[in-house]
Amino acid sequence: MIRTREQFPLFFIYKAFQRSHTLQFLLDSFHKAFLLLLHLDSEVFQIVWLSITVSFWSTIFSGSVGLPVGTLLALKDFRGKSVILLLLNTTMAVPTVVIGLFCYVLLSRVGPLGSLGLLFTPSGMVFGLFILATPIAANLTVAAIESLDKRFMLTCKLLGASPAQQFWLVIKEARFAVMAAVVIAFGRIISELGIAMMLGGNIRGFTRTMTTAIALETSKGEFELGLALGFVLMAVALLINGLLFLVQKERS
Amino acid sequence: MIASYSIRDLTFSYSNQPVLTINTLDIPSSSVIALVGPNGSGKTTLLHLLAFLITPQKGLLSFLGAKVSASDLINLRRRVGLLPQNPYLFKCSVLENVAIGLKLRGFPRREAKKMAIEGLKKVRMEGYESRWPNSLSGGEAQRVALARTLALNPEVFLFDEPANHLDLESVKRTEQLILNLNRNEKKTVVFTSHNLAFAQNLTDFVIHIFQGQVVPAAPYNLFRGQIQRGGKIFDASAVQFDISKTTGQGTCLMVDPSKISFSTQEEFVNLPNVFHGRIVSLSLLRDVIKIEALAGEKFEIHAPISLDLASLGIGKDIWLHIGPNAMTLV
């Protein structure tokens, strides 16, 4: 017996999709999004590139401040340490628009850093994202070092490590957790919308990042570019976390 | 000969509570010294003090004739090698673990590696170089830590309970190692132990530590307390001793276990310092019978081996008489 196309159940589902306008629209958007990625559309490429470079530098800066600060906070005992830890924890919970607002005031023409002319530039975004991610990196580093074995510091000392050597040994010993801290900071930065929007201004071809572009395109009701960028964001997240997973697996 | 360490009127306190008080203690160079005492007596604290990990609040500690100053601790730590009771291995390969102390001392990478391999050979751990600590058994990890200490070739070795949790063969090997370090390399070795027999096997110079103080003999029957009624009564809270004929000064009363008279019948009528109790354990030491009796406090009695054992038994009543010559105040 010869089956006609109409006899396959999947074909009916496909037809049903075709008949529905909404679904048709969505399928079209997905289709166009894939085409944009496939053809390496210059606008998509530029947006992705800017997002990644801005996130990269923000992560580098916040890591190079957050890791030493976190290490010192974990190792040293001093008056007011708990207050600083409390403040650091609080900054992690501050809404990003508030951080954006704070940095906007700092960077605006009348603000104390206004003369640098950083507002609505990629450097301005890096500044805001740095303010966002540094407490995260510092806090996670404190947690990573405090979870080290109690005998660790004693062993460093009895082997004759100077304070600077102890500092280095600590970071080395907690490297897997510290790496996770950096990755988490990067993830937080690359997915950040409020600060990127307020300090970057979402200027096409200059400060438009993946998240600001997605927000804009969605509000315009045009999904294809947004979806394409959404896929890239997810792919970046998957890649970074996959790398971290591999490194941590190596340890055991 | 210059003493490796010399201690005068030293006090180390932990949150204002003195945990170690030592009037005089000298550790000669190229000697093997055992610090013996029960758990929590302050042995490890003293060992950490000798490793310059902590500094005394009061008193003098000198190392090879020079006073230990707080500004020079890092350099001093690099001249001694401490092996803790429960050592920690870093999260890196066995070879790197052994080489780490050498690298901290500024040895070039290649030389440090060579010395680390030598260290691993000494504890027969060749072939483990690229293994990670989490793949080692407890005994293997202990040996890696030992190799790490040996590779540093310090002037003084400090071992914290080296015979703890080891099987008989490993204990023998540890004894041999300590003797080799001392006899062949003329190193000073200080180790702690709560096992007097192990300590006496290795050295004649045993320092007894009890409740943070150096005491003149094995800390059997040591009681802390206060002297009352014009020096006539020593109150150790659970028992009171008549010390009117006892010489010495101090807050610690020591009762020589071999000088306690005892009987299983009610004797010693009208004598001072007679305590009635029960036998809680009986055991054979090298050349004496060890009787532990509970009479307010726990007393240890050493009786000659020729004693007729028939009348003794766990749970039986016992009367102890502690004469003035059995007691010393320290």
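Residue numbering restarts at 1 for every chain, and letters A, B, ... go by the order of the sequence lines.
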Report which part of [X] has an atom under 4.5 Å of a heavy atom belonging to chain A: side chain, backbone, both, or neither.
X	result
Leu82(B)	both
Pro154(B)	neither
Arg148(B)	side chain
Leu76(B)	neither
Asn86(B)	both

Decide if atom NZ of Lys81(A) counts as having more than 12 heavy atoms of other residues, nucleotides or ligands within a radius under 6.0 Å. yes
Counting only heavy atoms not in Phe231(A), do more than 12 fall under 6.0 Å of its CZ?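 Result for CZ/Phe231(A): enclosed.
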Determine which pairs satisfy side-chain hydrogen bond (donor to acceptor under 3.5 Å, both in side chains) with at least one residue from residues 170-198 of chain A, sequence neighbours left out, and list them in order.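 Those involving residues 170-198 of chain A are Thr96(A)-Glu192(A), Glu173(A)-Tyr88(B).
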Can you pull the side-chain hydrogen bond (donor to acceptor under 3.5 Å, both in side chains) pairs that have at least one residue in residues 101-117 of chain B, sequence neighbours excluded? none
Suppose a student defines contact as a heavy atom less than 4.5 Å from any heavy atom of chain B. Which residues in residues 139-162 of chain A would they list? Leu148(A), Asp149(A), Arg151(A), Phe152(A), Leu154(A), Thr155(A), Cys156(A), Lys157(A), Leu158(A), Leu159(A), Gly160(A), Ala161(A), Ser162(A)
For Gln17(B), the side-chain contact (heavy atoms from CB on, under 4.5 Å) test, sequence neighbours excluded, returns none
